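The sequence lines fix the lettering, A, B, ..., with proteins before strands; numbering per chain opens at 1. Nothing here was measured: the structure is a model prediction, and the numbers come from that model. No hydrogens, no waters, no symmetry mates; every other heavy atom, side chains included, goes into these values.
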Protein chains: 2
Amino acid sequence: MDSTWSALADPHRRAMLDVLRERACAVGELVEELGFTQPTTSKHLRVLRKAGLVRVRTEAQRRIYSINAEQMAELDAWLAPFRQLWNERLDALGHHLDKDEHSHSRKQTDED
Amino acid sequence: MDSTWSALADPHRRAMLDVLRERACAVGELVEELGFTQPTTSKHLRVLRKAGLVRVRTEAQRRIYSINAEQMAELDAWLAPFRQLWNERLDALGHHLDKDEHSHSRKQTDED
DNA sequence: CCCGTATATTCCTTGACGCGTATATACGTG
DNA sequence: CACGTATATACGCGTCAAGGAATATACGGG
């Protein structure tokens, strides 16, 4: 899914997921815990909900949000084929430690 | 890292990573394979590079891009604590299949 | 040194996003 | 039904990212 990844692009939303991973929370608890305003929190929760990353359970006036593990599993599913790459790399490091003369310690990725 | 996640928010860039996972590619090959224009491809590659998700190797005029497995591993590291959640869920399904009366089959996430 | 190939960058416009403020809706209580 | 609590939404604004077209840079060959 596309909205799933764009939902994770925002660090605030990842922080919310980190909290929700510990326990399901009402909106007000997230507001207290993270310090965002209530409308902002609700709007981020809406994005997470549309992305399928969280689900809601209504409990009187309160909305209890919790992680939707299945959607998180989809993220993991996309990541899974890449996992083989760093396993190979770790394996390679074990075999011939300095074959690439530590060239990976050069920072060539943030040359801006 | 923050730029790492925002880089993945774009489906084009995820597609590029999917290609690069199979084999390292020059820019031109990515252009052919994915059908984006050359400037667009270069710009997306720049984002991926700044995010640390790919690295470049210069080879005459061509720039060979490849996955940076270490940064992908960081994504996996963030995802890891959540993995426990769906393992628990799968485990729970195994033990008492319909304890939550299949409530997770209701789509309450895309109510927009 | 000029040229062709390969790639990066700039400029510009447009659309999406996040925040804050204000307001609307839902729910329980007296 | 008026009220307070809890949450969601609408609006206006500033910022930012993406795409297209044009241009600039790097490299190798004759």
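When distances run from any side-chain atom of B/Arg49 to the nucleotides D/dA18, C/dG18, C/dT9, the shortest one goes to C/dT9. Proximity note for A/Lys43 (side chain, C-beta onward) versus D/dG20, C/dG4, C/dT21: the nearest is C/dT21. Of all nucleotides listed (D/dT9, C/dT7, C/dT9), D/dT9 comes nearest to the side chain of A/Pro39. Among the nucleotides D/dA18, C/dG18, D/dA8, the one closest to the side chain of A/Val27 is D/dA8.
Atom CH2 in A/Trp5 sits about 21 Å away from atom C1' in C/dA16, given to the nearest Å. If you measure from atom CG of A/Leu45 to atom P of D/dA6, you get 16 Å, rounded to the nearest angstrom. Spacing between atom NZ of A/Lys50 and atom C1' of C/dG18 amounts to 15 Å, rounded to whole angstrom units. Atom C1' of nucleotide C/dC19 and atom CZ of A/Arg13 are separated by 13 Å, given to the nearest angstrom. In this structure, B/Glu59 places its CD atom 19 Å from P of C/dT5, rounding to the nearest Å. In this structure, CZ of A/Arg46 is placed 14 Å from C1' of C/dG18, rounded to the nearest angstrom. Going from atom CG of B/Asp2 over to atom P of D/dA17 covers 10 Å, rounded to whole Å. Taking atom CD on B/Gln61 and atom P on D/dA26, their separation rounds to 13 Å, with Å as the unit.
Note on A/Thr58: nothing from the nucleic acid sits closer than 4.0 angstrom, heavy atoms only.
Taking only side-chain nitrogens and oxygens, A/His44 never comes nearer than 4.0 Å to OP1 or OP2 of C/dC17. Residue A/Ser42 places none of its side-chain N or O atoms closer than 4.0 Å to OP1 or OP2 of D/dT9. The phosphate of D/dA6 (OP1 or OP2) has no side-chain N or O of A/Tyr65 nearer than 4.0 angstrom. Between B/Arg63 and D/dA26 there is no side-chain N or O to OP1 or OP2 distance below 4.0 Å. Taking only side-chain nitrogens and oxygens, B/Arg62 never comes nearer than 4.0 Å to OP1 or OP2 of D/dA26. Taking only side-chain nitrogens and oxygens, A/Thr40 comes nearer than 4.0 Å to OP1 or OP2 of C/dG20.
Across the interface with DNA chain D, nearest-nucleotide mapping of B/Gln38 and B/Val47 shows B/Val47 to be the residue nearer the 5′ end. Each of A/Ala60 and A/Asp10 has a nearest nucleotide on DNA chain C; the 5'-most of these lies closest to A/Asp10.
Of the residues A/Arg62, A/Arg63, A/Arg57, the one that meets the side chain to side chain donor-acceptor pair (under 3.5 Å) test with A/Glu59 is A/Arg57.
Going from atom NZ of B/Lys50 over to atom OG of B/Ser6 covers 9.5 Å, rounded to the nearest 0.5 Å. With values rounded to the nearest 0.5 angstrom, B/Ile64 atom CD1 is found 6.0 Å from B/Glu29 atom CD.
Here the closest heavy-atom approach between residue B/Asn68 and residue B/Arg55 is recorded as OD1-NH2, 3.1 Å.
Less than 6.0 angstrom separates the ring centroid of A/Phe82 from the ring centroid of A/Trp78.
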Applying salt bridge (charged side-chain N to carboxylate O under 4.0 Å, His left out), run through B/Arg83 and B/Asp76 and close with a yes or a no.
CA-CA 10 Å; B/Arg83 193 171 302 137; B/Asp76 193 61; 2.7 Å; yes

